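One structure below.
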There are 2 protein chains.
Amino acid sequence: MGRPPRFTPQQLQATALALLDAHGPAGLTMRALAAELGTGAMTIYNYVADREALELLVVEAVVAQAQWRHAPQAHWRDEVRHIATAMWQAVRAHPHAIGFILTRRSRSPAVFEVAEALLAALARSGRSGQALLVAFRAVWALVAGAAQAELAGPLALQAGESAPRTIERFRALPPDRFAHLIEIAGAALGSDAENEFSQILDLLLAGLAAGGR
Amino acid sequence: MGRPPRFTPQQLQATALALLDAHGPAGLTMRALAAELGTGAMTIYNYVADREALELLVVEAVVAQAQWRHAPQAHWRDEVRHIATAMWQAVRAHPHAIGFILTRRSRSPAVFEVAEALLAALARSGRSGQALLVAFRAVWALVAGAAQAELAGPLALQAGESAPRTIERFRALPPDRFAHLIEIAGAALGSDAENEFSQILDLLLAGLAAGGR
DNA sequence: ACCTGAACACCGTTCAAGT
DNA sequence: ACCTGAACACCGTTCAAGT
């Protein structure tokens with residue numbers, strides 16, 4: 001007998017993301033999601049194949065939030081910057097989702113769409129084929145890597161750790177072996193993430209401009 | 001009564017990494033590790049505080065495998081390339097560990113040592129303070145991001161998927177919306193990872209050279 | 001100090017039965 | 001077609017008892 005679905009896929013997706021945002025990866029379970037929706041755990045399996053599919057749904061939800069405008073009249077450099085920044089911001093808006101975004105292979109339209117937009121902008125630098133691929137991979141890596149560095153890099157802030165405490169932690173390292181690291185720890189704490197990402201991107205864009213048109 | 005430990009920390013670390021390499025993340029459990037060592041699950045807790053600590057042990061094991069030589073007479077560009085490549089290769093040698101490396105914050109000496117070596121090389125470009133931090137974060141992001149892209153990027157090969165099958169999958173996308181992605185999919189499959197990483201790094205190094213000395 | 005089994009509070013998922 | 005509870009095979013970890 002054709003029974004109408006109790007939930008929409010969008011409802012599931014939004015609830016899963018909300019759960020993740022609120023309680024972190026450990027809080028996103030089939031059972032917790034079901035409870036949040038007011039049903040039993042097994043009901044979730046009417047909408048996703050398994051836990052992995054649920055995680056992909058969340059990745060899609062985050063990446064889909066990346067918004068950019070197509071600007072064919074702008075310089076390709078500005079358009080690449082615009083799209084890369086949009087993606088970085090979307091990822092950054094959901095810190096608890098970053099782990100999933102970094103490690104789960106998503107084939108969702110949202111991911112393909114940012115990829116295509118980036119490729120189109122980069123193609124305007126005069127690249128095609130292997131050179132275009134390399135340029136794309138470089139920008140993608142920088143965006144993903146910037147999110148990674150903030151989450152888990154050597155200079156990432158520990159969750160709930162104060163700035164003075166972080167500086168102190170680095171000062172406690174052997175100064176003869178980690179001189180630069182200790183020196184830079186202060187700058188890392190004073191650094192504004194948005195501005196820093198912009199500068200990192202600038203470095204790569206300068207390299208891309210040198211090789212392009 | 002002072003009882004001598006049955007295992008060394010190195011033994012635990014090596015066995016954990018071997019288990020991960022052989023069976024993937026799902027295969028690395030406290031119980032499986034204990035069984036592999038021929039003991040009960042709870043024995044592991046005499047060596048690590050919890051599962052998270054075990055994962056950090058594995059991350060450390062992988063990063064510690066990065067080997068580079070200090071070359072103060074070489075151009076800073078070559079030294080940066082050398083260290084970045086060493087780290088990328090170490091990460092790449094353990095595909096099943098990449099997820100942990102990307103998402104777990106490690107404060108192990110191994111991580112601090114690559115970071116310091118990279119910083120020292122980059123400092124020779126004439127940078128210090130915020131500019132040095134930005135240069136470091138850019139290189140780090142590129143290395144981490146390259147590993148990410150290979151694991152989970154839009155052009156990553158699906159585990160066990162053949163090259164023709166991958167191309168077919170991209171050809172099945174709407175060609176009007178994903179023209180560049182479809183075009184580039186072929187290049188992505190023919191691309192040699194080592195060579196591609198080198199080219200990506202070149203782009204960033206060109207940008208770094210333009211801003212440095 | 002280190003070892004370890006029993007037990008607890010969770011998971012994801014299979015199965016079978018419902019509408 | 002979709003819903004759902006019971007049950008199974010796992011987890012990480014606490015506790016208490018051992019040497």
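Order of the sequence lines fixes the chain letters, A, B, ..., with proteins taken first and strands second; residue numbering starts at 1 for each chain. All values reported here derive from a predicted model rather than from experimental measurement.
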Can you tell me if B:Glu36 and B:Thr15 form a side-chain donor-acceptor pair at under 3.5 Å? no
For B:Glu150 and B:Arg92, what are the C-alpha separation, side-chain angles and deciding distance, and is it a salt bridge (charged side-chain N to carboxylate O under 4.0 Å, His left out)? CA-CA 9 Å; B:Glu150 206 173 344; B:Arg92 216 170 157 262; 3.0 Å; yes
Between C:dT14 (P) and A:Asn46 (CG): distance, integer Å: 13 Å
Identify the nucleotide, in any strand shown, that forms a Watson-Crick or G-U wobble pair with C:dC10, with both distances under 3.5 Å; if there is none, say none. none
Does D:dT4 pair with anything, Watson-Crick or G-U wobble, both distances under 3.5 Å, and if so, with which nucleotide? C:dA16
A:Gln67-A:Gln89 side chain donor-acceptor pair, cut-off 3.5 Å: no
Nearest whole angstrom, please: distance from the P of D:dC2 to the CG of A:Leu37. 16 Å
Rounded interatomic separation in angstrom, taking OH from A:Tyr47 and P from D:dC2: 7 Å
On the nucleotide C:dT14, are OP1 or OP2 found under 4.0 Å from the side-chain N or O atoms that A:Tyr45 carries? no
A:Gln11 atom CD is separated from D:dC2 atom P, nearest whole Å, by 15 Å
Assign each of B:Pro5 and B:Met42 to its nearest nucleotide of DNA chain C by heavy atoms, then name whichever residue's nucleotide is nearer the 5' end. B:Pro5
Any base atoms under 4.0 Å from B:Thr43, or only sugar-phosphate, or nothing? Heavy atoms, all strands. base
Using the P atom on both, measure D:dA16 against C:dA1 and round to a whole Å. 22 Å
Starting from C1' on D:dA6, measure out to CZ on A:Arg31 and report it in whole angstrom. 11 Å
Below 4.0 angstrom, N of the basic side chain to O of the carboxylate: do A:Glu196 and B:Arg137 qualify? yes
Between C1' of D:dT13 and CZ of B:Arg51, the distance in whole Å: 13 Å
Rounded to whole angstrom units, what separation is found between the CE atom of B:Met30 and the C1' atom of C:dC10? 16 Å
Measure from CG on B:Leu33 to P on D:dG12 and round the result to the nearest Å. 10 Å
Name the nucleic acid region contacted by B:Arg6, choosing base, sugar-phosphate or nothing; use a 4.0 angstrom heavy-atom cut-off, strictly under. sugar-phosphate
Without hydrogens or angle criteria, can the side chains of B:His96 and B:Asp21 be said to hold a donor-acceptor pair below 3.5 Å? no
Under 4.0 Å between a side-chain N or O of A:Thr39 and OP1 or OP2 of D:dC3? no
